[in-house]
Amino acid sequence: MEKLTKDKAKWVYKTMNDIRNFENEVHNIFTTGEIPGFVHLYAGEEAIATGVCAHLTDNDYITSTHRGHGHCIAKGCDLDGMMAEIYGKETGLCKGKGGSMHIADIDKGMLGANGMVGGGFPIAVGAGLRNKYLKTKDVAVCFFGDGAANEGTFHEGINLASIWNLPVVFVNENNFFAEATPQWYSSGSKTIADRAAAYGIPGVTVDGKDLVAVYEAAGEAIDRARSGKGPTLLECVTYRNYGHFEGDEQKYKAPSGKEKEEANRDCISQFRDYAIEHQLLTNKEAEEIESQSMADIEHAIKFAEESPVPRPEALFEDVYAN
Amino acid sequence: MEKLTKDKAKWVYKTMNDIRNFENEVHNIFTTGEIPGFVHLYAGEEAIATGVCAHLTDNDYITSTHRGHGHCIAKGCDLDGMMAEIYGKETGLCKGKGGSMHIADIDKGMLGANGMVGGGFPIAVGAGLRNKYLKTKDVAVCFFGDGAANEGTFHEGINLASIWNLPVVFVNENNFFAEATPQWYSSGSKTIADRAAAYGIPGVTVDGKDLVAVYEAAGEAIDRARSGKGPTLLECVTYRNYGHFEGDEQKYKAPSGKEKEEANRDCISQFRDYAIEHQLLTNKEAEEIESQSMADIEHAIKFAEESPVPRPEALFEDVYAN
Amino acid sequence: MMSRRLTFMKAINEGLEQAMEKDDRVILLGEDIAGGADVKHLEEKNEDAWGGVFGVTKGLMPKFGRERVIDTPISEMGYMGAAVGAAATGLRPVPELMFNDFIGFCFDTILAQGSKMRYMFGGKAKIPMTIRTCHGAGASAAAQHSGSYYGMLGAIPGVKVVVPSNPYDAKGLLLAAIEDDNIVVFSEDKTLYGMKDEVPEEYYTVEIGKAKIKREGTDLTIVAIGKMLYVALEVADRLAKDGVDVEVIDLVTVAPWDEQTVLHSVKKTGRLIVIDEANPHNNTATDIASVVSDKAFDYLDGPVKCVCAPNTPVPFATNLEQLYLPNADRVLKEAAEIIEDLKK
Amino acid sequence: MMSRRLTFMKAINEGLEQAMEKDDRVILLGEDIAGGADVKHLEEKNEDAWGGVFGVTKGLMPKFGRERVIDTPISEMGYMGAAVGAAATGLRPVPELMFNDFIGFCFDTILAQGSKMRYMFGGKAKIPMTIRTCHGAGASAAAQHSGSYYGMLGAIPGVKVVVPSNPYDAKGLLLAAIEDDNIVVFSEDKTLYGMKDEVPEEYYTVEIGKAKIKREGTDLTIVAIGKMLYVALEVADRLAKDGVDVEVIDLVTVAPWDEQTVLHSVKKTGRLIVIDEANPHNNTATDIASVVSDKAFDYLDGPVKCVCAPNTPVPFATNLEQLYLPNADRVLKEAAEIIEDLKK
Ligand SMILES: Cc1ncc(C[n+]2csc(CCOP(=O)(O)OP(=O)(O)O)c2C)c(N)n1
Ligand SMILES: Cc1ncc(C[n+]2csc(CCOP(=O)(O)OP(=O)(O)O)c2C)c(N)n1
Ligand SMILES: [Mg+2]
Ligand SMILES: [Mg+2]
């Protein structure tokens, strides 16, 4: 596994900021009514997508979730195209036909946000099967929530990856809630990683707010996959900054106590401190990245706002290939 | 848990013989072409259905599988009605409309053989939910094969039973094969019971050829369920005497070695020896049971053969209630 | 009873409440139909966090408790199948499938288990279970949360399907569905939740299988499903100006749909348009068209016209989504052939 | 090429073999499509235990190895979704769903994932995947193994469906399906597996979307799907004795079905019967009936008649199952209205 170099640290810090800024802006814009539909924000969980995708190239695949913006950004999707997609504009990554829950860019190895909870497991297994069949060293990463771990696709998907020894890493984002339902209610197992044993694969739990911890654990799991040793189930414990979707009152979140304290930890400032302390970033570099990131997101918003809506005929296009 | 009394031992021995004779006869008749469709025989696995159902009353529910004859008989379904059903006769338990794979008798707590592998898990959970909701002490038992343990319904069903603490016992019949595919290929876990931990419930493996072992383990699990302590996953290791279905060449079965030795163990004669040794049965009683059992099965065959086929109008009936 | 206006959503909520008051065997299951299960500060106050993703089941958990209003993990096959099992053994479960688009996760429990049990078991089982779900485009919910699958579900032998178009029917049909001894899919149009209308306070049922004539007419029959009723009524209004007298029928029940009422109307008017938001092939509109074109062949003065969604997934962009949905302009255009010669 | 007769089953087997020879990216997935995975004495001999539950894929594993002929656990959602993922990333998987009745276990991967990806992704994805499955009553396989769901699948935008009626088409359509860049459901009638007919040895394709006129006639058109073709031909033979000249069309492709050929024929004959083994509502027959009743309205001399399975699950008892299946007697009876005045 590649150590966290200065270059990588810059990419990491930029990516985390991009995600945070993107999501905060979408949050603000949503209240104006300019963005239609359902939007699930990734803010607070940046360390996971970033720490995992730091190990991936465009040739590696990921599957994502309804909360997909972070994965898209970390996998290299174009910010302008993403924002335009969320606005439903013709210049969107999916021509405005997918929206927030279906952002995808196969050229970047991004196999789609997914409106179906648990929808990603089999698709990631398929990408892993392809990688193995074609004798590449590429991996597939399946991001999924704590709630998704109770879908049958979790079971079938991980079991297949295990018995076929596929290069797939299952990255769980355990933010304690599936909508308004806590993980401790919905799962018979204590942790998500506890379920790995049922498939004879390693299960690891890390602090998902700690970029370095995620980076290292993911690096190990991805190396394992690349070298033909099969899948890993990596659980990253985290918390989301916003509600389940925009408009959620979040009555289920703890008003105080340990959960609340966890919630208040910020993965970005924690990484900033770490990077400066370990001389991976200077204060000045960090500040430059911060303002560059804001500028990039503002650019994306402007791009989205100014883009045209899809042509009417687009309704009928792209149903069948050829 | 009730000890294996003399009365119970008689019931057990009769039941095991009934299943064996029933299946052997169906096997023979099938070759004549008198029985249509697919038939999956339970012969060789009698100790499981019998050892489990020995603890149940008509108020307890079971769900079964495509290999359901043994469960039906052990749960008290009428032999004549069963045989007539397999023949597709009007006097069948399901009026000839269900056939071997769909024999059911809700009055006996038998919620149906099931042509869908893994179809029984959610249904058993529903019966368990009902039992708990109505504050009964009744349980639900879900029989399933090693192959079924790879369906998503296994995962979702057991997890639900666990988090809702339902009186459901999941009884796995691990006969090493799902059709022509061995369990050691299809499952990432070594045993089926290993998967119990993923749901925070007890997982137990017993020798499924040993009636007494099944009886005791099942008794414990069922007592647990009845007393509100929740589900258990009970794996019973066994082997089927015949092919997956009638007509199967069984090329996948081991020609020699440990698997073959296992295959040759007979659960019925083993129980006979045990029962006589422990003075639960005399030789004479055993012989009487054996001939009574043959007579009962012959009666069932005669009944089935002589019964009329369904009235044509039956085609349109029983689609909707009222 | 005093007249009283409720939203579509609240009418359903009240229907659930009254069904549960009337019959102990009625239980609800679904994802976050209460919300906040096992969350300490909510449990202490006996509060639900959500009451369903749209708030339809709000307040039912505090009233009936978590034994009867059961939050499920994200395990559609598990809890939908559990509902089948509970129904087969004597309860009257009302599971919620949050969006009908999630049907792919639990289809077996309906297609192969619940709908077939009674038949396979020779009439011994009954499955009194009402599946609440929602369908429909228009909420910018994109391809995986906007489909209309009521027709597909209704085509399964053993399943009934109702699609209410207004708060009154919503409550009455829901109560009829819960009283029914079969699997009834109760499909709510998510864009109607806010619609307000008069709803009696008392318990009442609306007959399943009976279509409603919403406007009498002699020149042309329009049959509409759910929200499409309002498209039909708009078309009727607009055509009235041209002197065309339209009879508008709210189908109400998609399966089994009311052949008698539809045929009776078409035999009178000689012309039929069916508006169905489902994708265009093998849907309820084509089913009605084929039956009417057969059984009322000699009465038809022109072809039956089906106006449906196009053969595409639901697009996200608002402008495209509006084009996706059948509307009055499209009806007038696609059915011009049978409308033109009516205009006086 | 010398004429050579193969069974329907062997024709499919040969199609798979030639597709795999031609294109490395073609892989097969399914339950026991080889059988005996990881069974020592079989692996040593490079033998498959089953080659599919009906033997359709027999011999392919020994030839292409377990990397390309992949036995799966009983995990339909898992491997069918994996096929979608593999197709989206460049392979051309051919998963087998052992019986189309198992669709309820993997419906999401088709309904919400594979069929919608291209659209949702703005045209960037393609899903070149052929789902082999089997349908049909007549094998005493009872309610959960005898259904006909090709129509339901074909109604999903983004999905194509073909239903071959003979060995020649089976091979050619399968090869066309595997060449196609979309999800194509290739639905085999399990009761046709033993049927023998001439099949060229070389690689060839049969065009998807094109119906075939099997018998020309001027008085009446019968469109049939799959095995129902033989019912149609029997009806044609029997009516010929009465001087009625029947045109018989094998639909071949259920989605998108060949409007042009069907309309052209009906415009000539003025009469149409559609025979479809699916349950009667919202099926391909009603879809065709609605379109023809609309677009050929002025040409029709009588109503379009749909002859389908009844609105029931498939019964087990042999006598009932035979009543369930459309047959020539039923066609003649149910369509008597349009046939009677043709008899000379
Ligand atoms: C199959 C399916 N079931 C239910 C839903 C509704 N739903 C959307 S997000 C969500 C919660 C997901 O929770 P989790 O997996 O923990 O992800 P998180 O939102 O916490 O990131 C639910 C139930 C869905 N979209 N798809
Ligand atoms: C959903 C589903 N998938 C596949 C099948 C085909 N099938 C019938 S039995 C069987 C094997 C079942 O194996 P197991 O669960 O071990 O039970 P056993 O036959 O050994 O008793 C399979 C794959 C089916 N009937 N249903
Ligand atoms: Mg979560
Ligand atoms: Mg087995």
Side-chain angles (χ1 to χ4, degrees), chain B residues 35-38 66 85-90 92 94-102 114-119 145 147-153 177-188 244-245 248-257 309-312 314-320, chain D residues 30-43 45 47-55 66 71-79 81 98-99 101-102 104-106 108 138-146 279 309-325:
Chain B
I35 293 175
F38 298 129
H66 55 288
E85 188 58 36
I86 293 171
Y87 272 74
K89 296 299 182 73
E90 180 158 41
C94 308
K95 302 185 189 160
K97 291 161 77 166
S100 164
M101 263 192 293
H102 308 297
N114 206 312
M116 295 295 166
V117 172
N150 300 313
E151 281 284 15
T153 49
F177 290 97
E179 292 185 347
T181 295
Q183 188 268 335
W184 60 83
Y185 168 78
S186 65
S187 285
H244 170 67
F245 46 27
D248 177 6
E249 271 186 80
Q250 307 184 63
K251 289 207 281 179
Y252 49 85
K253 281 192 175 173
S256 61
V309 298
R311 294 161 299 112
L315 171 62
F316 304 101
E317 296 163 358
D318 304 321
V319 180
Y320 292 91
Chain D
E31 292 159 12
D32 293 298
I33 55 171
D38 233 352
V39 169
K40 226 170 126 199
H41 67 277
L42 291 174
E43 302 272 284
K45 292 179 285 182
E47 242 185 65
D48 47 8
W50 273 19
V53 71
F54 294 105
R66 290 202 178 269
D71 276 343
T72 69
I74 312 177
S75 306
E76 287 83 8
M77 189 79 129
Y79 76 79
M98 195 185 291
F99 290 81
D101 312 73
F102 304 167
F105 281 87
C106 54
D108 185 71
S140 300
Q144 291 178 336
H145 289 71
S146 307
N279 289 121
N311 194 36
T312 75
V314 182
F316 171 64
T318 317
N319 67 322
L320 297 183
E321 192 182 25
Q322 286 308 316
L323 290 172
Y324 174 92
L325 279 166

So do the side chains of [X] and [Y] get within less than 4.5 Å of each other, counting heavy atoms only?
{"X": "B:Ser100", "Y": "D:Phe316", "value": "no"}
{"X": "B:Phe177", "Y": "D:Val39", "value": "yes"}
{"X": "D:Trp50", "Y": "B:Asp248", "value": "yes"}

**Max heavy-atom pair count under 4.5 Å with chain D, selected residue of B:Cys94, B:Pro36, B:Gly98** = B:Pro36

**Item:** Top of B:Gly92, B:Gly152, B:Gly99 for chain D proximity - count of heavy-atom pairs under 4.5 angstrom
**Value:** B:Gly99

Kindly give the heavy-atom pair with the smallest separation between [X] and [Y], and that separation in Å.
{"X": "D:Ala142", "Y": "B:His102", "answer": "CB-CD2, 3.6 Å"}
{"X": "B:Asn150", "Y": "D:Ser75", "answer": "O-OG, 2.8 Å"}
{"X": "B:Ser186", "Y": "D:Pro73", "answer": "O-CG, 3.6 Å"}
{"X": "B:Pro255", "Y": "D:His41", "answer": "CD-ND1, 3.5 Å"}
{"X": "B:Glu179", "Y": "D:Glu31", "answer": "OE1-O, 4.4 Å"}
{"X": "B:Pro312", "Y": "D:Leu320", "answer": "O-CD2, 3.8 Å"}

**Message:** Just so I understand: if I count every heavy-atom pair under 4.5 Å between each of D:Ala37, D:Gly36, D:Ala34 and chain B, which residue has the most?
**Reply:** D:Ala37

**Item:** NZ on B:Lys251 to CD on D:Glu47, rounded to 0.5 Å
**Value:** 4.0 Å

**Prompt:** Going from CG on D:Leu42 to OH on B:Tyr252, what distance comes out if it is rounded to the nearest 0.5 angstrom?
**Reply:** 10.5 Å

Segment of [X] engaging chain B (4.5 angstrom heavy-atom cut-off):
{"X": "D:Leu323", "value": "both"}
{"X": "D:Ala141", "value": "both"}
{"X": "D:Thr318", "value": "side chain"}
{"X": "D:Asp71", "value": "both"}
{"X": "D:Glu76", "value": "both"}

Non-hydrogen atoms of chain D under 4.5 Å away: do they reach the side chain of [X], the backbone, both or neither?
{"X": "B:Lys253", "result": "backbone"}
{"X": "B:Met116", "result": "both"}
{"X": "B:Asn114", "result": "both"}
{"X": "B:Ile86", "result": "backbone"}
{"X": "B:Tyr87", "result": "backbone"}
{"X": "B:Thr153", "result": "side chain"}

**Asked** When you measure from the side chain of D:Asn319 to the backbone N and O of B:Pro310, does any donor-acceptor pair fall under 3.5 Å?
**Response** yes

**Request:** Take the angle between the ring planes of B:Phe38 and D:His145 and call it parallel below 30°, perpendicular above 60°, tilted in between.
**Result:** perpendicular

**Asked** Considering residues, nucleotides and ligands other than B:Gln250, do more than 12 of their heavy atoms fall under 6.0 Å from its CD?
**Response** yes

**Message:** For the NZ atom on D:Lys45, are there more than 12 heavy atoms of other groups (residues, nucleotides or ligands in this structure) within a distance under 6.0 Å?
**Reply:** yes

